[in-house]
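As structure tokens, the structure follows; a few thoughts come after it.
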Amino acid sequence: MNKDKYYITTAIAYTSKKPHIGNTYEIILTDAIARFNRFIGKDVFFLTGTDEHGQKIQEIAEADGITPQQHVDKIAGQIRDIADMLNISYDKFIRTTDDYHVKAVQQIFKRLYDNGDIYKGEYEGWYCTPCESFWTKTQLEDGKCPDCGREVRKAKEEAYFFKMSKYQDKLMDYIDSHPEFIQPESRKNEMVNNFLKPGLQDLCVSRTSFTWGIPVEFDPGHVIYVWIDALSNYITALGYTPDEKGELYKKYWPADVHIIGKDILRFHTIYWPIMLMALGEPLPKQVFGHPWMLVGDEKMSKSRGNVIYAEDLVRHFGVNAVRYYSLHEMPFAQDGTITYEVFISRFNSDLANTLGNLVNRTVAMINKYFGGEIQSGDVGGEFDDDLKAVATGAVEKIIKKMETLHVADSIDEIWRVVDRANKYIDETTPWVLAKNDADKPRLGTVLYNLTETIRIIAALLSSYMPETSKKIAEQIGADDLTFESTKTFGTMKAGTKVGEAVPLFARIDAEKKLAELEEELGEPEEEKIEIAPYKDYIEFDEFEKLDVRVGKVIECEKVPKSSKLLRFTLQVGSETRQILSGIAKFHKPEELIGKNVLFVANLKPRKIMGLESNGMILSAEFEDKLTVLTTLNDIQSGAEMV
RNA sequence: CGCGAGGUAGAGCAGUUGGUUAGCUCAUCGGGCUCAUAACCCGAAGGUCGUCGGUUCGAGUCCGGCCCUCGCAACCA
């Protein structure tokens, strides 16, 4: 009998810095899906790993005074530790610096080149010598430099390009004929409308501006574009090369699903399929762009000081609670949130009270009334049938939810069973039965039914909270947690000994815990703050070329149709000038009016969205915060920076 | 007029092809129970379903206008 194969991947994690719980969510989600498919009998291959090349990594390493390799070794180690800590059941962990991957990517690149899908070209464009700028055909105004209006000439900057447009129609057909390919569906429109319909540009797939990457084998000055490198991991991990595809590849490709963040959907639903088409390989069946885990309604970031790490959560709440929260509190298509308050609330109500207490009270009663021995379940009574139906019917519902990757909903189905069992205790009142010897057989059956229900719950939980599942099974003395066993009631044998009633999740005193967390994590971060690397020294006369002035904002308004642009009118001496600046997200126009700002006065004028900008307003930016620079005391506009 | 998603009880979310008292979880209040982790069970209160208008016997669910939030794209001298 051939098992259905199931190949599932996470995106490989970028090794620029330590991942936070929002990044980690992806691998927990993927793990639950992978485990579930194993549970229902599929032959699963689960791939995860790290993406280790690129300019950013090179820069960070340089700033730290270590080699890029040292840097990625460190971060990749951290990422792997986090995965292991969270009990992630990956079958393979790939690193893009792995030797076999590097070689395979070089061969893939070569193959695409040999087939004519990648060609060596020049940075397609027109060069304006005075401006030292490249322009594409569409950027030119009347065939002249849009900056200065002077003549431009065709120029050559060597680079490799991928003929994306060649596969555009084919990809469009594929997307049309496979409605499940891009999930959630709303994302599909974004891809089609923004990229495919307007027409794909050829993609520049090599770089010469940095060296930390996979060199083009036959042209070593060039480094392969990181996305070509990174996306290939899904097949190189299976031993794929263009010449020799490898056993794993033959067995598992195409992937059943790539689980990725919604931000990189474009690479996975456009570039990646086209790469595969060019290689003549089948496309993945599905790409799921999962939502983000936010803190409150903000993204996690160091500058906001709201970053939550998996290891902190695990230390305080345990692995399974972290898995539970990540899987249950994240909606399917909308961003979810995490805060310590909500975490504790879910922990107490769902894990400690509803689930933990059910197991605890059941085991305690078996110990108390029957010396820890499970009785036979043959004295039926009211409520039994309903309990059994709910317990044995759950798995089918869960399968339905999991087929569409609705993980949170599938967990809800398990909790329906838990709720039903708690209610059953109330309905059958075992403590009343215990008072009368004649009711003992019935009491034995009631507890048997509960144990059996809990056994099914434990089995169903195994994909989501594997250790909790095991702990429950141990406590009730169950050994059959198979998929098949969840559909039948009555597999446990009379005479089985249960364990001691130990709470699975100790209730948390929210106030105390929050205070503790505050003290521990509220401390100023000892972590090094990574500022942007410094630029090279310049001569004083170069500095002097800059003409920075003070201007007084007399008008400021949003540029229509633009989300970033503000249009400023500055008073400069007795003149005014218009400058555009992409800072609308950080400042309201009205708060800037009347303020002095600093601007570069001798930057060449440039048109942006049809409006002329005469200079550049200076701002300071760190991570995702920004503020315009202003003067401490008032001073005549037009004043020079000295 | 770039494309798209969403605005439903205090909070977070469901609401199939329009149909009887708009659901779920948490929080709140009342009651029950005592096996259990101040847990569990039952019940109640709490919503003009963003707004205005239209279609219909009937609309959260269809149509149109408007307001707000978010994502993608463009823009960030």
Side-chain angles (χ1 to χ4, degrees), chain A residues 131 133 147 184-195 197-198 262-263 265-266 289 291-292 294 297 328-337 339 341-342 344-346 348-369 406 408-409 412 415-416 418-435 443 446-447 450 501-509 559-566 579-586 599-619 621 626:
Chain A
C131 298
S133 306
D147 255 12
E185 209 185 325
S186 59
R187 297 277 156 195
K188 180 170 117 185
N189 300 320
E190 285 181 8
M191 296 304 127
V192 172
N193 290 329
N194 289 329
F195 299 106
K197 281 195 181 153
K262 60 179 185 175
D263 51 325
L265 216 42
R266 162 185 174 179
W292 280 339
L294 309 176
D297 53 5
H328 185 248
E329 294 308 303
M330 291 295 291
F332 178 69
Q334 295 175 76
D335 291 341
T337 57
T339 64
E341 287 83 351
V342 178
I344 292 168
S345 161
R346 306 309 311 192
N348 281 341
S349 67
D350 297 353
L351 299 180
N353 295 352
T354 309
L355 173 65
N357 186 46
L358 170 69
V359 175
N360 192 239
R361 66 203 295 214
T362 302
V363 172
M365 281 192 279
I366 294 170
N367 278 312
K368 189 165 176 175
Y369 300 140
H406 284 74
D409 292 342
D412 277 338
W415 254 256
R416 299 249 157 81
V418 180
D419 287 337
R420 186 65 193 82
N422 272 319
K423 186 170 176 177
Y424 179 77
I425 295 179
D426 233 69
E427 289 166 339
T428 54
T429 57
W431 53 92
V432 175
L433 297 173
K435 284 177 184 156
L443 174 61
V446 164
L447 292 175
L450 283 167
V502 181
L504 294 167
F505 300 95
R507 273 184 66 84
I508 293 168
D509 181 331
V559 174
K561 309 272 173 194
S562 163
S563 62
K564 294 186 179 174
L565 246 33
L566 291 181
I579 299 183
L580 302 181
S581 185
I583 58 173
K585 283 204 167 136
F586 305 98
F599 68 98
V600 181
N602 61 338
L603 208 56
K604 285 201 179 77
R606 156 128 186 235
K607 271 197 173 172
I608 308 163
M609 295 195 80
L611 296 166
E612 189 162 277
S613 182
N614 293 293
M616 171 169 165
I617 290 180
L618 299 180
S619 297
E621 186 176 30
L626 181 145

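Computed from a predicted model, the values in this text were never measured in an experiment. First the proteins, then the strands, lettered A, B, ... as listed; each starts at 1.
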For [X] and [N], what is the distance between atoms [atom1] and [atom2] respectively, to the nearest whole Å?
X: A:Lys604; N: B:A77; atom1: NZ; atom2: C1'; value: 11 Å
X: A:Glu427; N: B:C41; atom1: CD; atom2: C1'; value: 9 Å
X: A:Met365; N: B:A36; atom1: CE; atom2: P; value: 8 Å
X: A:Leu566; N: B:A77; atom1: CG; atom2: C1'; value: 15 Å
X: A:Met191; N: B:A5; atom1: CE; atom2: P; value: 14 Å
X: A:Glu329; N: B:C13; atom1: CD; atom2: P; value: 10 Å
X: A:Glu341; N: B:G12; atom1: CD; atom2: P; value: 14 Å
X: A:Glu190; N: B:A5; atom1: CD; atom2: P; value: 10 Å

Is the side chain of [X] donor-acceptor paired with the backbone N or O of [Y] at a distance under 3.5 Å, no angle test?
X: A:Thr429; Y: A:Trp431; result: no
X: A:Trp292; Y: A:Gly336; result: no
X: A:Asn360; Y: A:Gly356; result: no
X: A:Asp335; Y: A:Pro291; result: no
X: A:Ser613; Y: A:Ile579; result: no
X: A:Asn348; Y: A:Asn353; result: no

Using a 4.0 Å cut-off on protein heavy atoms (strictly under), produce a 5'-to-3' string for nucleotides 25-32 of chain B with B for base contact, S for backbone-only sugar-phosphate contact, and - for none. SS-----B
Worked check of salt bridge (Lys or Arg N to Asp or Glu O under 4.0 Å) between A:Glu341 and A:Arg346: CA-CA 9 Å; A:Glu341 287 83 351; A:Arg346 306 309 311 192; over 6 Å; no
Residue pair A:Phe505/A:Lys585 against RNA chain B: nearer the 5' end by closest nucleotide is A:Phe505
Between A:Ile608 and A:Ala352, who's closer to the 5' end of RNA chain B by nearest nucleotide? A:Ala352
Could you measure between the two [atom1] atoms, the one in [N] and the one in [M], and give it in whole Å?
N: B:G18; M: B:U56; atom1: P; value: 16 Å
N: B:G46; M: B:G53; atom1: C1'; value: 29 Å
N: B:U16; M: B:G65; atom1: C1'; value: 28 Å

Pair A:Arg361-A:Asn422, side-chain donor/acceptor within less than 3.5 Å: yes
What's [X] touching, base or sugar-phosphate or nothing? Going by heavy atoms closer than 4.0 Å.
X: A:Gln334; value: sugar-phosphate
X: A:Lys423; value: sugar-phosphate
X: A:Gly356; value: base
X: A:Lys561; value: base
X: A:Pro430; value: nothing
X: A:Asn422; value: sugar-phosphate
X: A:Ser581; value: sugar-phosphate
X: A:Ile583; value: nothing

Counterpart base for [N], defined by Watson-Crick or G-U wobble contacts under 3.5 Å:
N: B:C13; answer: B:G23
N: B:C29; answer: B:G43
N: B:G71; answer: B:C3
N: B:A59; answer: none
N: B:U48; answer: none

Answer yes or no: side-chain N or O of A:Asn189 and base N or O of B:C3 forming a donor-acceptor pair under 3.5 Å. no
Should the side chain of A:Asn194 and the base of B:G2 be counted as holding a donor-acceptor pair, with the cut-off at 3.5 Å? yes
Can you tell which of B:C75, B:A73, B:C35 lies closest to the side chain of A:Ile425? B:C35
